[in-house]
Structure formats: C-alpha cells, structure tokens
2 protein chains.
Amino acid sequence: MPENQQDPLKEIMKKAGIKNTKHRNLIFDLLQNAEEPLTAEEIFISLKDKSSSICLSTVYRTLEKLMSGNLLLKTNISDDGKARYELNHDQHKHYLICMKCNKRISIADCPMKEFEKALKDQANFDVIQHKLEIYGYCQDCKTSPQLKR
Amino acid sequence: MPENQQDPLKEIMKKAGIKNTKHRNLIFDLLQNAEEPLTAEEIFISLKDKSSSICLSTVYRTLEKLMSGNLLLKTNISDDGKARYELNHDQHKHYLICMKCNKRISIADCPMKEFEKALKDQANFDVIQHKLEIYGYCQDCKTSPQLKR
DNA sequence: GTCGTTGCAAATTCTTTGCACCTGA
DNA sequence: TCAGGTGCAAAGAATTTGCAACGAC
C-alpha cells in the first residue's frame with residue numbers, strides 16, 4: 001500500500017545526485033525509527049555499535065546531504081546548543097516538552113493550519129514552514145513543578 | 001501609567017539577589033529597545049562602542065543571569081548556531097521570517113491561545129511557554145522565491 | 001569588608017573543512 | 001573509471017570557566 005513510501009530514500013537520493021551508501025542508509029533508518037529528533041552525536045554513538053567504523057564528520061556530512069534533499073528537518077529549538085534532526089514527514093508534528101522530566105510528547109495536531117491563511121490575507125506572507133515547540137508540565141510532573149535550570 | 005513597568009529590572013534583580021551593574025543595565029536597555037532578538041555577539045559589539053570595556057563572557061554571563069530571573073527568553077530556532085535573546089515581554093510575539101531576504105516581521109497574533117486549552121484537556125499537559133517561528137516569503141520576495149541555502 | 005561581578009585567557013563543546021584514500025554506479 | 005563519499009586530524013565558531021582584580025551594597 002505505501003508504494004511510493006516504500007523506498008523514498010534511494011529514489012530521492014538518485015534524483016538529487018546523492019550516492020547511496022551504507023552509512024547514509026543506516027542514518028536514514030535510524031531517523032526513520034526514532035521517536036524524537038536526534039542529535040548528530042546520538043546518531044554517531046548509535047551507529048558505532050552497528051557499523052564498525054564511522055566518524056562524526058560523516059554523520060554531519062550525511063545529515064547535511066539529506067537536508068539538501070529536503071529529507072530532513074533541523075531543529076535547534078531546545079536551547080542546549082545541539083541541533084536535532086528528524087525526518088521531514090509530510091504530516092508534521094510538534095512536541096510537548098516537559099520542563100521537569102524533559103520528556104517529549106509528540107502531537108499530531110497543529111494550530112498553524114488556520115493561522116497560515118490569516119497570515120496570507122493579513123500580512124501578505126506566504127508560509128512555507130514553521131517551527132513550534134511547546135513547554136510545560138506533563139501529567140506526571142504537573143503536581144510538583146520545578147524548573148531544571 | 002506603566003508604574004510597575006517603570007523599572008522592573010532593579011526590582012526583580014534585587015529579588016533574585018542579582019547585583020545591579022552598569023553592564024547589566026546597558027544590556028537590558030539594549031534588549032528593551034531592540035526590534036528583534038539579539039545574539040550575544042551583537043550585544044557585545046553594540047556595547048563596545050558605548051562602554052569602554054566589556055568582554056564577551058560578561059555578555060554571556062549577564063544574559064544567563066537575566067534568564068535565571070526570567071527577564072529574558074532565549075531562542076535558538078534560526079538554525080545558524082547562534083542563540084538569540086529577547087525580553088520576556090508579557091505580551092509575547094512571533095516572527096515571520098522571509099526565506100529569501102531574511103527579514104523578520106513581528107506579529108502580535110498567536111495561534112496558541114486556543115490551542116493551549118485543547119492541550120490541557122486532551123493531553124493533560126499544562127503549557128507554560130512555547131516557541132514558534134514561521135518561515136516563508138514576504139510580500140516583496142514572494143514573486144521570485146529562491147532559497148538561500 | 002564581603003561577596004558577587006568582570007576581564008582576560010584558556011578550555012569546552014558543537015560543527016566544519018582539508019586531504020588522501022576508498023567506493024558505488 | 002572516477003566523481004563523490006569517508007576517516008582522520010585539525011580548524012573554526014559559539015559558549016563556558018578559572019582566576020585574580022574590581023565594584024556594589
């Protein structure tokens with residue numbers, strides 16, 4: 001059923017003139033199965049186990065390549081100085097980030113759907129993309145909120 | 001009229017046990033008058049002219065201090081690896097960022113107002129804060145969109 | 001006078017780059 | 001074959017830290 005989803009990587013990489021290599025496939029797979037956006041280092045560490053030799057610069061270079069093919073999105077929002085990468089799903093999602101336990105809860109809903117139209121009409125601005133992260137306290141932590149920093 | 005807004009800095013700093021110094025006031029003033037969030041380096045350069053001697057680490061340390069007093073918000077969204085700081089206005093705003101000319105257009109409206117209620121009800125998540133940046137093409141650039149990177 | 005703040009320089013952390021070798025198409 | 005990918009080490013950029021001198025309260 002997901003025919004055009006089956007192997008978008010090879011196809012898109014071919015289109016973009018990006019060679020298909022072992023590392024790239026591993027990194028793509030990892031991101032595909034990730035619950036949340038990953039940092040370059042997280043990817044690096046995770047791959048070191050599977051792949052005998054990979055270095056961090058390859059990870060960065062691969063991430064940049066995949067971004068140039070619009071396969072990935074980069075997020076810097078989390079204020080910790082580390083960029084995070086996630087697959088550029090067509091249906092995008094956002095995260096609720098608990099300020100106490102740092103848990104990330106992904107949500108499918110997005111408040112921008114309506115808003116984009118208003119911006120187009122009122123500000124004459126064509127929205128292509130947006131980034132949104134929502135901070136607060138999750139179910140478990142809301143009883144005793146306490147800032148981490 | 002804005003009586004409790006008159007000098008929130010001194011008051012809040014006193015509360016937080018933060019000493020009131022020349023540099024800190026300058027940095028706060030700068031951010032207060034800034035049209036958009038500033039990077040540490042922008043603040044540093046701007047202050048070097050006014051204040052005979054200031055160093056970048058003081059800027060960073062001051063920003064951190066002011067953040068710990070909840071006077072500032074930090075934004076890392078712009079994917080350029082530089083953190084930006086802005087005053088934690090009670091009425092918050094968001095930016096439309098043109099992907100061609102990099103212009104930032106601030107907007108007062110926020111799509112989260114309604115959404116927060118839904119999150120509280122549906123996900124049992126208490127929203128404290130959120131970060132949103134909107135990318136696209138502005139009025140001037142929408143006729144000939146062209147990505148910069 | 002005391003304790004927090006600052007300047008300076010050095011250290012850290014994240015990311016990028018140069019170069020020689022390797023690999024997929 | 002050969003352009004593009006990779007490992008390694010070194011460079012760069014943003015931010016943090018140690019320490020001694022300084023300044024606010």
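Heavy-atom basis, side chains included; hydrogens, waters and symmetry copies ignored.
Atom pair A:Lys48:NZ and D:dT6:P shows a separation of 17 Å (rounding to whole Å applied). Atom CG in A:Asn25 sits roughly 14 Å away from atom C1' in C:dT23 (whole-Å rounding). The distance between atom NZ of A:Lys65 and atom P of D:dT6, rounded to the nearest whole Å, is 10 Å. As rounded to whole Å, 11 Å separates atom P of D:dT6 from atom CG of A:Leu47. The interatomic distance linking A:Lys19 (NZ) with D:dT1 (C1') rounds to 11 Å, in whole Å. Atom C1' of nucleotide D:dT6 and atom CG of A:Leu63 are separated by 14 Å, given to the nearest angstrom. One can place NZ of A:Lys22 at 12 Å from C1' of D:dG5, the figure rounded to the nearest angstrom. Whole-Å rounding puts the A:Leu66 CG to D:dT6 C1' distance at 15 Å.
Remark: A:Glu36 CD is packed, more than 12 non-hydrogen atoms of other residues, nucleotides or ligands lying under 6.0 Å away. Heavy atoms of other residues, nucleotides or ligands lying less than 6.0 angstrom from CD of B:Glu42 number more than 12. The environment of B:Glu64 atom CD is sparse: at most 12 non-hydrogen atoms of other residues, nucleotides or ligands sit within 6.0 angstrom.
Here A:His23 does not reach the OP1 or OP2 of C:dT23: none of its side-chain N or O atoms lies under 4.0 Å away.
Not one N or O on the side chain of A:Ser46 forms a donor-acceptor pair closer than 3.5 Å with the backbone of A:Ile43. The backbone N or O of A:Asn70 lies less than 3.5 Å from a partner atom in the side chain of A:Asn88, making a donor-acceptor pair.
Note that CG of B:Leu72 and OH of B:Tyr85 are 8.5 Å apart. Values are rounded to the nearest 0.5 Å.
Mapping A:Thr21 and B:Asn20 onto DNA chain D by nearest heavy atom places A:Thr21 closer to the 5' end of the strand.
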Fill in the blank from the handout: B/S/- along nucleotides 10-22 of chain C (protein heavy atoms under 4.0 Å) is ----SBBBB----
